[in-house]
Number of protein chains: 2
Amino acid sequence: MSMGSPWKALADDNRRQILLILKKKDMIPTEIAKHFNFTLAAVSTHLRILRDADLLTEKKLGKNRFYSLNNKRTLDMIEFFEDVYDFKLNSLKEYVENKERKKMRLKNEINVT
Amino acid sequence: MSMGSPWKALADDNRRQILLILKKKDMIPTEIAKHFNFTLAAVSTHLRILRDADLLTEKKLGKNRFYSLNNKRTLDMIEFFEDVYDFKLNSLKEYVENKERKKMRLKNEINVT
DNA sequence: TAAATATTTAAATACTTATTTAATCATTAA
DNA sequence: TTAATGATTAAATAAGTATTTAAATATTTA
């Protein structure tokens, strides 16, 4: 219901893991639960917290509820980092560009071989 | 001593506030404490947690201990976001560039007037 | 050396969070 | 409608966290 803190949502290791798992594809709670040692009920609670923090969205399809990533809050978090590390903006930019270059290189290598 | 989680360190509102305060200049705990309603002992604990998470560093100068921002961990956090929101890398880059443009514009305005 | 200042640490307490079990709700298939 | 499947919610508990007070440590100054 009420908007939860994305910082608190992300402070839990299992919840960050859930986000990483959902990166690959949207999933239903039962499927997510298979990746963990705790109960479906616990997964359900984690999903609620991630949803409340606007990091996930839920799509109801019949009996199933598909959870998917929602990146709106990402920029809020980055903005906070920028506020703190204002003077480091350039190195962040370089970092992102390097990652892109690396990805490009990989793509070219695959095309060549 | 042991390395603490930057996610847990950042999950606390007051600790994020401390980082924002230290953005302006390095400070000693007593000075930081003036910004809050809780005791110096509590500030000291928060500083330890931020230090353990590698978000702050301490420099001892005589009787004083100056705390300052340490941005090494920032990239770790961004990296996590990138893992999750891989496909959004471009928009992150645009975001950073826009911020830079805004800053430039501001600087020019000041020079002109 | 003693007093003053700056800070941390320890123990206690109150609060919050994660997880479980059991009960409940919603949808589909028989 | 009944049984089966997918998921949430509530109550209980255990573990973790924030804050306080009081005591302890380190450095400087008188």
Side-chain angles (χ1 to χ4, degrees), chain A residues 1-22 24-70 73, chain B residues 1-22 25-70 73 77:
Chain A
M1 297 284 151
S2 59
M3 183 65 99
S5 154
W7 293 103
K8 279 185 185 149
L10 290 166
D12 184 272
D13 297 344
N14 292 321
R15 283 196 291 266
R16 292 202 305 284
Q17 200 57 44
I18 287 175
L19 292 183
L20 288 170
I21 287 168
L22 287 174
K24 292 168 197 163
K25 61 167 179 167
D26 297 358
M27 283 184 203
I28 62 175
T30 338
E31 199 178 357
I32 296 168
K34 284 177 194 151
H35 294 78
F36 297 96
N37 292 325
F38 43 82
T39 63
L40 178 61
V43 169
S44 182
T45 307
H46 285 311
L47 290 173
R48 179 176 49 68
I49 289 164
L50 290 166
R51 218 188 317 116
D52 287 353
D54 211 20
L55 291 160
L56 285 184
T57 49
E58 187 200 82
K59 261 169 271 170
K60 221 174 160 182
L61 277 173
K63 185 158 61 167
N64 297 303
R65 290 164 189 229
F66 283 89
Y67 279 90
S68 45
L69 297 178
N70 180 15
R73 277 304 187 108
Chain B
M1 294 288 148
S2 60
M3 184 65 98
S5 154
W7 293 101
K8 279 184 185 150
L10 289 167
D12 184 89
D13 297 344
N14 292 321
R15 283 197 289 268
R16 291 201 307 284
Q17 199 57 44
I18 288 175
L19 291 182
L20 288 170
I21 287 168
L22 287 174
K25 60 166 181 169
D26 297 359
M27 284 185 204
I28 61 176
T30 337
E31 199 178 356
I32 295 168
K34 284 177 195 153
H35 294 78
F36 296 96
N37 291 324
F38 43 80
T39 64
L40 180 61
V43 168
S44 182
T45 307
H46 285 310
L47 291 173
R48 178 177 47 69
I49 290 164
L50 289 166
R51 217 190 317 118
D52 287 353
D54 211 19
L55 291 160
L56 285 185
T57 49
E58 187 200 81
K59 260 168 270 170
K60 222 173 159 183
L61 278 174
K63 179 159 63 164
N64 297 302
R65 289 163 190 228
F66 283 89
Y67 280 90
S68 44
L69 298 179
N70 180 15
R73 278 302 186 109
M77 309 229 4

## Note on the structure
Output for pair (B:Leu55 CG, B:Ser68 OG), nearest 0.5 Å, gives 12.0 Å
### Proximal nucleotide (of D:dT27, C:dT8, D:dG6) relative to the B:Lys63 side chain
D:dT27
#### Entry: From CG (A:Leu19) to CG (A:Asn14), nearest 0.5 Å
11.5 Å
## Note on the structure
Taking C:dA18, D:dT8, C:dT8 as options, the one with an atom nearest any side-chain atom of A:Arg15 is C:dA18
#### Entry: Heavy-atom side-chain contact between A:Arg16 and A:Asp12 under 4.5 Å
no
### Query
Going by number, which of residues 31-44 of chain A have a non-hydrogen atom under 4.0 Å from DNA chain C?
A:Phe38, A:Thr39, A:Ala41, A:Ala42
### Distance, nearest 0.5 Å, that separates CG of A:Asn64 from CD of A:Glu58
11.0 Å
### Closest listed nucleotide, where the reference is the side chain of A:Arg48 and the choices are C:dT19, C:dT8, D:dT9
D:dT9
### Query
For the side chain of B:Asn64, counting heavy atoms from C-beta on, which of D:dT19, D:dT8, C:dA6 is nearest?
C:dA6
### Query
For A:Tyr67 and A:Pro29, which heavy atoms make the closest approach, and how far apart are they?
CE1-CG, 3.7 Å
### Summary
Between the OG1 atom in A:Thr57 and the CG atom in A:Leu22, the distance rounded to the nearest 0.5 Å is 9.5 Å
### Query
Once you round it to whole Å, what is the distance between C1' of D:dA18 and CG of B:Leu47?
14 Å
### Message
Just the rounded figure in Å: distance from P of D:dA15 to CG of A:Asp12.
### Response
16 Å
### Query
For A:His46 and C:dT17, is the shortest distance between a side-chain N/O and OP1 or OP2 below 4.0 Å?
no
### Query
Where the side chain of A:Lys8 is defined as all heavy atoms beyond and including C-beta, which of C:dT9, D:dA18, C:dT17 is the nearest nucleotide?
C:dT17
### Query
Does B:Tyr67 place a side-chain N or O at less than 4.0 Å from the phosphate oxygens OP1/OP2 of C:dT8?
yes
#### Entry: Interatomic distance where CD1 belongs to B:Ile28 and P belongs to D:dT27 [whole Å]
15 Å
#### Entry: Gap between atom OG of A:Ser5 and atom CG of A:Asp54 - 0.5 Å precision
12.0 Å
### Message
If you compare every side-chain N and O of A:Arg65 against the phosphate oxygens of D:dT8 (OP1, OP2), does one of them come in below 4.0 Å?
### Response
yes
### Task
Would you kindly compare A:Ala11 and A:Leu61 by the position of their nearest DNA chain C nucleotide and give the one closer to the 5′ end?
A:Ala11
#### Entry: Euclidean distance, atom CG of residue B:Asp13 to atom C1' of C:dT16 [Å, nearest integer]
13 Å
### Integer-rounded Å distance: D:dT9 C1' and A:Asp52 CG
14 Å
### Query
Choosing from C:dT19, D:dA18, D:dT27, which nucleotide comes nearest the side chain of A:Asn14?
C:dT19
### Message
Using whole Å, what does the distance between atom C1' of nucleotide C:dA18 and atom CZ of A:Arg16 come to?
### Response
15 Å
### Separation of D:dA18 P from B:Gln17 CD (nearest whole Å)
16 Å
### Query
Could you state the CG-P distance from A:Asp26 to D:dG6, rounded to the nearest angstrom?
18 Å
### Summary
A:Arg51 has its side chain closest, among C:dA18, D:dT28, D:dT8, to D:dT8
### Query
About how many Å separate NE2 of A:His46 and CZ of A:Phe36, when rounded to the nearest 0.5 Å?
8.0 Å
